[in-house]
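Structure, as structure tokens:
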Amino acid sequence: MRKEFAGYKGRALQVLKKAEAEIGDIIRITRDKEAYEGVLIPRSEYGDDKHIVIKLQSGYNTGIKITSTTNIKKIGTGTKPTFTPPPLPTQKPHLPKVAIISTGGTIASRVDYRTGAVRPALSASDLYSVVPELSQIATIDAEILFSLFSENITTKHWTETATTVAKHIKNGAAGVVIAHGTDTLAYTSAALSFALQELSVPVILVGSQRSADRPSSDAATNLIGAVKAASTAPFAEVVIAMHETISDKTIVFHRGTKARKCHTSRRDTFRSINTTPIAKIEDEKITMLAEHYQKRHPSRQLVLKPNFDEKVALVKFHPGLNPETIESYIEKGYRGIILEGTGLGHVGNYCFPAIRKAIETGMVVAMTSQCIWGRIDMNVYDQGRDLLAMGVTPLEDMLSETALVKLMWVFGQTKDTEEAKRILTQNTANEFSPRTLLKEDE
Amino acid sequence: MSVNYSEIGLKVGLEIHQQLDTKTKLFCSCRPKLFKKEPEITFIRQLRPTQSELGQIDPAALFEFQKGVKILYEATKETACLVEMDEEPPHDLDREAVEIALTVALMIEAKPVDEIHVMRKTVIDGSNTTGFQRTCIIALGGAIITGEKKIPIQHIDLEEDAARKTEEEGSTIGYRIDRLGIPLVEVATAPVLYSPQEAEKVALAIGRIYRATGKVRRGLGTIRQDLNISIRDGALIEIKGVQELELISKVIENEVQRQLNLLRIKEALKKRGVEEKDVADEFVDVTSVFKQTRCKVIQRVVKEHKTVLAVRLPRFGSLLRMELAPGMRLGAEMADIARFWGRVGGIFHSDEMPAYRITKEEMNRLKGFMKVEPPDAVVFVADTLENATDALKGVTQRARDALKGVPEETRGAKPDGTTRYLRPRPGAARMYPETDVPPIRLSGERLEKLRACLPELPEQRLKHLMEEYEINQKLARQVFDSEYGDLFEVIVGETGVSATVVAAMLTETLKALKRDGVDVEKVADEQIIEIFRLVDSGETVKEAIPEIVGWLSKHEGAAVRGAIEDLGLGMISREELELMIEDLLIENRDLVEERGKGAFGALMGMVMDRVRGRVKAKLVSEVLRRRLNESGGR
């Protein structure tokens, strides 16, 4: 029942029920001397209960206020819009096989025809059917794994995604594409970078900043770039495929452990931090940008390590940070804390006792920088040296988000503090870069 | 040819769009301003047709996309931010724009909506970076009163203006996004206008309401008129972008002629026994016919190993060259459609041959090759096989449409009052909600406030102008219709120059200058005010204004004093004038002696010839008269 009156409540719901009008019906609203006719349209859940929305014959929607003199009459049953996806293009069996796993997000979303809201509803096969160019690049094996906004993705989804990717690789996929919301895309890409070792083919996460129902969406170009790379790129690593600039021209591939969403809304929101993207694609041509990378090698045996432990926290230091924050993690039995310190890797000395206590109880406490760009160095200033002496683990130029994911993954492999520290500081998926080169845009 | 419009069932509806003079754009805080210099930012996009609410894809849009059309956008930092680039969601609907639109609505007694819902109207020609135009209804109903008649209004909308097209080269279309997002108000009348003159009158009346708000932009392109025109047995044709009011009736007259003649063509084809199935998509490669041609276009195509493709239009002979309206022919309509679908430069057809250095012999050979017999027509296109095929498909479709009469389409107005094919009429389901902008409730309180301080209606304002400034009705009307109404009041308020002089200058003088090809638009309001200030302070005279305006139009942004200096219009001091007149009297001693004070007229003319624009005529006559008196007394 609720569905038929989507969004309407209180007074508005009452009058609609009385008129026996449902969404999509043609109704006539009269009020004093005024009269309106149109199709009843759902109302935003956050709208008030005093207006009814109709689509006028001109195609415009308008909200009409209900007063004591308002009268509503159903005058016809409208055709309820149904979405028929266009037919799937014919597959070309000789092309490489690429798996597309859909997890949700803008790239896999479209407007709800009734409410106008953007919903993560488009299946991977829908994506394929609205981007028919894909049929020229690969044969697609599509799978809907989740339909989640990326902020709702947790470690258990990483595990499931990694396992699904492994399954497709085992089944002979030439590459795997994962459609994912951009908000936490870099966390998932880091997680997969650690969980999927000794990859034989590329694993490409792809998102979009404009929903696929818009003519200007970046979803199609990103997806085409991702599928092209999945089928033919020479590398076998976990990467993120997104726009390089605000033009629909080049798609760049960022290493899964080195990427960060840096803009709330731009198409080129992702940046490779402290390194260059691994490759780019322009006019269907892939160019490698990284000197060293793991090459595609079909016979390499995948090592799957999909377990994560959520008892790890990311704490951003700020002036006046209450040390009780850190202590509460100790009390709750957390195994590790990634500190996002200032500058070269510092926190205020008023936090020292809490940090010391954490380490003494056997937690791993590691340091990254909130500067985003650059490498930490805790030997330059006294307080850095104090933290090192306490047993804080410095994490070089690793991104704080990547460090968080890595420590979660580390505790999925071992519960031993010393072993955990050893794995944490070992370069597993290019999360550390030995050299930092000068880049113009930093 | 005079047409009885009621007999043929003419119905015209108007949609008058007017840019609003707001501080910011409709959905962001950018300045609503166009840039002239080189762009600071460029980027490339592709727009992909998406399914409408009903799950359909607009075929014309899909086609454009498949042609690989790329759009090159140009911007400057002052006039565009991330919102126009579709890199940031829209901000809230600009309050000022809503209030101006509401003011218009209340002035024509329309009923403001209770809640504004912003919609997206799909437009994927590149003129909107998003692929849709944001638009919303502000009010419904109301009426425009012209003379006796009350013209019902359908709705008053507020929408964002589109980017402006700068170039189209091959498969790249260029747009500047400075204009994108400038607020537009639109008043749409019901299709109840029954003659070209009536439509023009109503358009003028709507324009007057806009100007009466005092909050609209002016200059070329700030007001645009779309016309929906139909006649009985014809079709509803949407004509976009009529920029000059004076063109409206001409555009309608031409469209009526075009539709009547298309109906005549339909009859002629029927008489000739042509049926739809006779017009087949059988395209023949006729490149070999033109191996030795002297036609430049075809020569180039042959050299580039492209194709000349031809199609037979059975019994269409002589109809392609029949004039539909002045300068408009069926052949030209087909060419526009071929350009749209095939991105070709144009078409050739047998009705216009021999021409373009294509010989009679070549045409005979072509006709033989195609097995064409009178009264058949042949259309041929020279381009890549793909483009030529698409172009000819458009041509045969247009030919089949000719059998049915007038095809529904969207046409664009040209400055001479003719129109050309733009695109097929968009489907009905092209509107869906703009979910990034929440609905806006209009409170009764807000409306009451606006209602309490509505500007004067055009007729009141006219009366007000006449009374307060003591100018005659003709001048007052001219000032009001000139778009310089506000400027007029500012100048008269700020300077001591007489209202009649200011009014005449802002209307008749500027109009005359425009007619002479002076680009008056380039002279800023501030500069015009400055000119009158200098007239007021005696640094120049009103006779010099045309020359100064002309100079300023060629030196954009320059100082008015610069014009006076550069034109040698510096004022002559009283002393200089005295000396000049003294010399003149000596030179013309005989004349003065002979005619005494009677020589005044002739002498005055001589002085004015020397000093025009540099000294007030009143002062010249004063000095000359005194000097003559003195010399007469000697």
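Chain naming here is simple, since letters A, B, ... match the order of the sequence lines and numbering starts at 1 in each.
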Side chain to side chain contact (heavy atoms under 4.5 Å, CB included) partners of A/D268, counting only residues at least two apart:
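For A/D268, the residues satisfying side chain to side chain contact (heavy atoms under 4.5 Å, CB included) (neighbours in sequence not counted) are A/I246, A/R266, A/R271.
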Taking only residues two or more places apart in sequence or in another chain, which ones pass side chain to side chain contact (heavy atoms under 4.5 Å, CB included) with B/L422?
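Residues passing side chain to side chain contact (heavy atoms under 4.5 Å, CB included) with B/L422: B/K240, B/T410.
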Give a yes or no on whether [X] atom [atom1] has more than 12 heavy-atom contacts from other residues, nucleotides or ligands under 6.0 Å away.
| X | atom1 | answer |
| --- | --- | --- |
| A/E34 | CD | yes |
| A/Q57 | CD | no |
| B/E38 | CD | no |
| B/E167 | CD | yes |
| A/E284 | CD | no |

Do the non-hydrogen side-chain atoms of [X] and [Y] ever get within less than 4.5 Å of each other?
| X | Y | value |
| --- | --- | --- |
| A/L56 | B/H155 | no |
| B/P89 | A/S265 | yes |
| B/L82 | A/H263 | yes |

Between A/T245, A/V53, A/T269, who has the most heavy-atom pairs with chain B when the cutoff is under 4.5 Å?
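Option with the top pair count is A/V53.
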Cationic N near anionic O, under 4.0 Å, [X] to [Y]:
| X | Y | answer |
| --- | --- | --- |
| A/K65 | B/E115 | no |
| A/K50 | B/D114 | no |
| B/K70 | A/D248 | no |

The criterion is side chain to side chain donor-acceptor pair (under 3.5 Å); which residues satisfy it with B/R95, sequence neighbours excluded?
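Partners of B/R95 by the side chain to side chain donor-acceptor pair (under 3.5 Å) criterion come out as none, since no residue qualifies.
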Using 0.5 Å steps for rounding, measure from the [atom1] atom of [X] to the [atom2] atom of [Y].
| X | Y | atom1 | atom2 | result |
| --- | --- | --- | --- | --- |
| A/S58 | B/K121 | OG | NZ | 9.0 Å |
| B/T130 | A/R210 | OG1 | CZ | 10.0 Å |
| B/E88 | A/T264 | CD | OG1 | 6.5 Å |
| A/R267 | B/M85 | CZ | CE | 11.0 Å |

Got a donor-acceptor contact below 3.5 angstrom from the [X] side chain to the [Y] backbone?
| X | Y | result |
| --- | --- | --- |
| A/S247 | B/F43 | no |
| A/S216 | B/G131 | no |
| B/R48 | A/V131 | no |

Among residues 135-142 of chain B, which residues come closer than 4.5 Å to chain A, judged by heavy atom distances?
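Listed by number, the contacting residues are B/T135, B/C136, B/I137, B/L140.
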Could you walk me through whether A/K55 and B/H117 pass side-chain contact (heavy atoms from CB on, under 4.5 Å), step by step?
CA-CA 10 Å; A/K55 184 182 274 293; B/H117 286 247; over 6 Å; no
Verdict with reasoning, B/K111 to A/K33, per side-chain contact (heavy atoms from CB on, under 4.5 Å)
CA-CA 11 Å; B/K111 165 83 184 61; A/K33 278 180 190 159; over 6 Å; no
Go through the steps to decide whether A/R214 and B/D86 satisfy the test side-chain contact (heavy atoms from CB on, under 4.5 Å), and finish with yes or no.
CA-CA 11 Å; A/R214 297 164 72 120; B/D86 190 38; 2.8 Å; yes
Against chain A, label B/I116 side chain, backbone, both or neither, depending on which of its atoms sit under 4.5 Å from a heavy atom there.
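No part of it gets close to chain A.
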May I ask you to check whether A/Y60 and B/D157 show a side-chain donor-acceptor distance below 3.5 Å?
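Short answer, yes.
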